[in-house]
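Reading through the structure tokens given below for one structure.
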Amino acid sequence: MKLIVRLVILCIISFILFVSYKILEPNIVDRNARSKLAEGDQSHWNKGDDSVTLKEKLSGNTLRDAVIAEITAKYLLNYFYPLKQSPWKVAESIATDRQLHPTNCNELGSILHAMTKTRIQTADVNRGGTQLKMTFTMDDGQRLIFKPKWYSREKILSNGPYEGADRHNGELAAFHIGRLLELNRTPLVIGRRINLRTEILPHATSRLKKTFFTKGNNTCFYGMCYYCKDESTGVCGDGDVLEGVVILWLPPTYQLSNHNHPWRRTYRSYKAKWETDNQYCDTVRNVDLYRSGPRLLDLIDITVLDYLTGNADRHHYETNGMQADSPVVILDNGKSFGNPYKDEESIMAPLYQCCRIRYRTWQRLLVLQDGVLSEVLQEVLNQDPISPVLSEDHYVALDRRLLGILAQIQTCIDREGLDTVLVNDSTRTFTTGGREAQIYNPNIMESTGNKFISVMRFCFSFSYWTSPVVLSLMYRRGYFCVDGLVSLGKFGCSISVIYLLAWLLRGLGRSCNTDYITFIQILTMASTIQNQAERNKKLSEFDFEFWAWPTDFSFTNAGRSREQGSPHQAAGSISDYPLSVLSYMCANTFGRRMMYPGSTALINTLLENMLIQERGRLVDDCQGRRCKVQTEDKNEIDTMFIDRRGTPGQAGRTLVITCEGNSGFYEIGCTKTPLDAGYSVLGWNHPGFAGSSGSPTPEQDQNAIDAVMQYAIQKLNFTPDNISLFAWSIGGYPASWAAKNYPDIKSVTLDATFDHVEPLAVARMPQFAKGLVSRTIKTYLNLNNLEQICQYPGPVLFIRRTQDEMITTRSLKIGETAMMSLPSNRGNDLLVGFLKHRYPNIVDDTTMSVLTRWLAEKTERQYMLCVDHGVDENECMRELGHTNDTFPSDIGAGFSDDLKKKMTLYLATKHLKNFDTTHCTPLPHDRFEEPWRARPHNM
């Protein structure tokens, strides 16, 4: 009998290990709507229904409009952004080996604007290629390529996929589609209208002048190229003015190498091999150039762009350099947008024959479906000087073709599996020789050891989380007798041996990996560098386990007083001890993990690749500085600082410290909102989240935000009056604690935050456990946001989500709308308690009814309620002008009931803003505003 029991247990454990092994495979693909819809939602997508889930997520107009607004705001250009040096020098400085411009680049608009306004010094023919072009040399020596307009926007070329002359608007639209796909390897393009007589002829070379002629009242030229023969092949302006696009010459550091495209056409009556052989990709992969490295994936990225734009003329491609990992530069997109009614499926051959695509490219396609691509692109192109750029039919074609690409990817996934098709090569694991973002490939021994270690850590974490249930089941099965304990001991020894062997196997694999040895040598060398900035710059080239990162700032609280949170309550009598023990077990097993799921091994493992990717973007695109901050209790906090003090405007002088939610990380969380608004930002992860050590208890969270604040003041040199706090959801606890202990900070913004966690916990747990839940929360997880924020005397803004499903105590039934749960939103209680504390003579029993009614409405109805009560801002400000900034305030003692109601509504509108969406939707940067001040603040 004992043997049977042991066999059953062994089978169960083996099954768990097998399932966990499959879950934790290295190429696991998680989907995070927050970071990719608005570069921020926290919905995790499963492998089987990713596209369906996104469609469901975007089905509501509110969320879809928010996604479009967020992406549009990110990609709209500021043509008048101030530059500190020549636009051409800036263009060179923002280019790297693998991209011509970063995704987030404020200077891009000003560079493009200079391309349209700078005077032409010399105009010459351009003999390269088969199509008509001119080369301009501008006043300051910068060169541009000019491609002229041949066709109207409505012209349809229906004879073949590569028919006709280059479409200038195709070059322009392809550049911006590349931006939206975050390829960023297309040269800068903008529309420009040229007066051929006044801007070109006086500055044209003799060989260009010879090709000019007049046709009717129009000035024309035919230039020099393969197809440029005589006047019959020329192009004419509208009178003297010719529309076209100018393309920025590549940076001088770019050394182009030309290659034949493996999927090039024959341009003859017979077909190429790839058109008749569906296994042609195997032939391509046998070539050294495409066997490994990024080259094949680069070509498939271009395939996506070409299919969207209808460009079937990609017979060659260029790379920046001769090496196998040299990035492909996306040139010559002129054969685009010829026929909006024809989707040339053969363009997709590299994709459907190889069935491989970058994970991040697939992510972008998911984000841009359901009409998002066409709407955002149209808004961006409407900024161009030659707008409108595309006809309406071409926008429809873009959305249709995008769905075709996603359908083809899904077909590949169904045939070969998601882990095989989607390649996540964006992990910034190491760099060598100054080259950017190469991928660390562990050998078979290391990857096997890693996998077993990850699986066993996950199993241990899951067992610890569910230990009350597991222990009770083991007790009922008799495992706490002598024989049972012996069996458990043997099992534990076996697991320990396997765990030890996995560590040894991983160590042996790493010792044989030259890349890992190189990394260790550089890490050791960097650790000896005394200059912290220089050391961190070197270490930022790598992404590795954060425990090995040297400490950048260590904080001790010696000599400085601060207020602690509520202490643990001791058991009052002997009879209370069993309940206290049970409460302790619940809090430190499943309770804390339910409240902070971001600290669990499962969430950290699932999000690991995405966090590495987004952390790399913060470092590469935003010049972020990653640092390790040690707290008073010796936890190590992972922080990221983006300094905007050197940018024009006032916003960059203010540091916004963000506090994330219970599954939020600075890499994919609310840091993006103030970052997009132009502020300097310091993000950090809760203890136990990602690289931060420790556990997310109230005390450890207090120590973490305390150390982060001191790091901002002592090392980053921000004064408290230039520091603002921005918190989302459960992040309101460390933010309110910091506001209480640092009363001189500039302001606090609390988004989707509650007054106290106890009512929310009680509402979501069984009623029979209400007493235990309440005791556990108050003793071990006492997140008392209201009590803390009331002790802060500065400006505070609350943001309430009117469709919030997380911080409401009333569950919606089928058929009920979000409005029905709005009165139970605990953000209401936070505002009421806050106003009662600050203005006790105004917000009292006589005004609570009107405030409760106001809180039960959305913005439009709230405004009407204020109108009905005659709320006048000037009158209210005059009354507030008679008080000082100390709270509780004595204002309102002699007010009439009507005036108190007006003042209550006025104060409510100034301290609370509605956002008509759900709990996890990212806050757009245009909704991030400084909290209201009763008195003007000196900047």
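Note that these values count all heavy atoms, side chains included, but never hydrogens, waters or copies made by symmetry.
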**Q.** Polar side-chain atom of Q700 near backbone of S695 as donor-acceptor pair, under 3.5 Å
**A.** yes

Q) Where do M640 and L682 land on the side chain to side chain contact (heavy atoms under 4.5 Å, CB included) test, with the steps shown first? A) CA-CA 6 Å; M640 180 67 72; L682 176 59; over 6 Å; no

Q: Answer yes when E667 and R617 have at least one side-chain N-carboxylate O distance shorter than 4.0 Å, and no when they do not.
A: no

Q) So, T779 side chain and R775 main chain: donor-acceptor pair closer than 3.5 Å or not? A) yes

(Q) Checking I300 against R358 for the side chain to side chain contact (heavy atoms under 4.5 Å, CB included) test, could you report, in this order, the C-alpha distance in whole Å, the side-chain angles of both residues, the deciding distance, and whether it holds? (A) CA-CA 8 Å; I300 293 175; R358 282 189 170 100; over 6 Å; no

Q. How far apart are the closest heavy atoms of A690 and L611, and which atoms are they?
A. CB-CD1, 4.0 Å

Q: May I ask you to check whether over 12 heavy atoms, not counting those of R764, lie within 6.0 Å of atom CZ?
A: yes

Q: Please round to the nearest 0.5 Å and tell me the distance separating atom CG of L760 and atom CE of M765.
A: 13.0 Å

**Q.** Expected output: side-chain W737 to main-chain D701 donor-acceptor under 3.5 Å
**A.** no

Q.
Tell me whether K628 forms a cation-pi arrangement with F553, defined as NZ or CZ under 6.0 Å from the six-membered ring centre and within 45 degrees of its axis.
A. no

Q. How long is the gap from OG1 on T631 to CD on Q702, to the nearest 0.5 Å?
A. 11.5 Å

(Q) Between S511 and L508 (side chain of the first, backbone of the second, donor and acceptor by atom type, cut-off under 3.5 Å), is there such a pair? (A) yes

Q. When you measure from the side chain of S693 to the backbone N and O of E636, does any donor-acceptor pair fall under 3.5 Å?
A. yes

Q: Using the side chain to side chain contact (heavy atoms under 4.5 Å, CB included) rule, take Q710 and E632 through it: C-alpha gap first, then chi angles, then the decisive distance, then the call.
A: CA-CA 11 Å; Q710 289 298 316; E632 184 183 10; over 6 Å; no

Q: With sequence neighbours excluded, tell me which residues meet ring pair (Phe, Tyr, Trp, His ring centres under 6.0 Å) with F689.
A: F665, H686

Q) Do F544 and W549 make the cut of ring centroids closer than 6.0 angstrom? A) yes

Q. Do Y780 and Y584 have ring centroids that are under 6.0 Å from one another?
A. yes

Q) Can any side-chain N or O of N785 pair as donor or acceptor with the backbone N or O of Y733 at less than 3.5 Å? A) yes

Q | Verdict with reasoning, N782 to H756, per side chain to side chain contact (heavy atoms under 4.5 Å, CB included) | A | CA-CA 8 Å; N782 189 31; H756 198 289; 2.6 Å; yes

Q: List for me each residue that meets ring pair (Phe, Tyr, Trp, His ring centres under 6.0 Å) alongside F480, sequence neighbours excluded, and say none if there are none.
A: none

Q) In Å and rounded to the nearest 0.5 Å, what is the OG1 to CD1 distance from T753 to I730? A) 10.0 Å

Q) Could you state the interatomic distance from CD1 (I498) to CG (L505), rounded to the nearest 0.5 Å? A) 12.5 Å

(Q) Just verifying a value: how many Å separate S583 OG and L772 CG, rounded to the nearest 0.5 Å? (A) 6.0 Å

Q: Determine, step by step, whether E446 and R506 satisfy the salt bridge (charged side-chain N to carboxylate O under 4.0 Å, His left out) criterion, reporting the C-alpha distance in whole Å, the side-chain angles of both residues, the deciding distance to 0.1 Å, and the verdict.
A: CA-CA 4 Å; E446 182 181 351; R506 185 172 77 170; over 6 Å; no

Q | Closest contact, heavy atoms only, G598 versus S663 | A | N-OG, 3.8 Å

Q) Nearest 0.5 Å, what's the CD1-CG distance between I357 and L365? A) 5.5 Å

Q) How close do S692 and D638 get, heavy atom to heavy atom, and via which atoms? A) OG-N, 2.9 Å

Q: Check side-chain hydrogen bond (donor to acceptor under 3.5 Å, both in side chains) between T639 and all other residues, then give those that pass, not counting sequence neighbours.
A: none

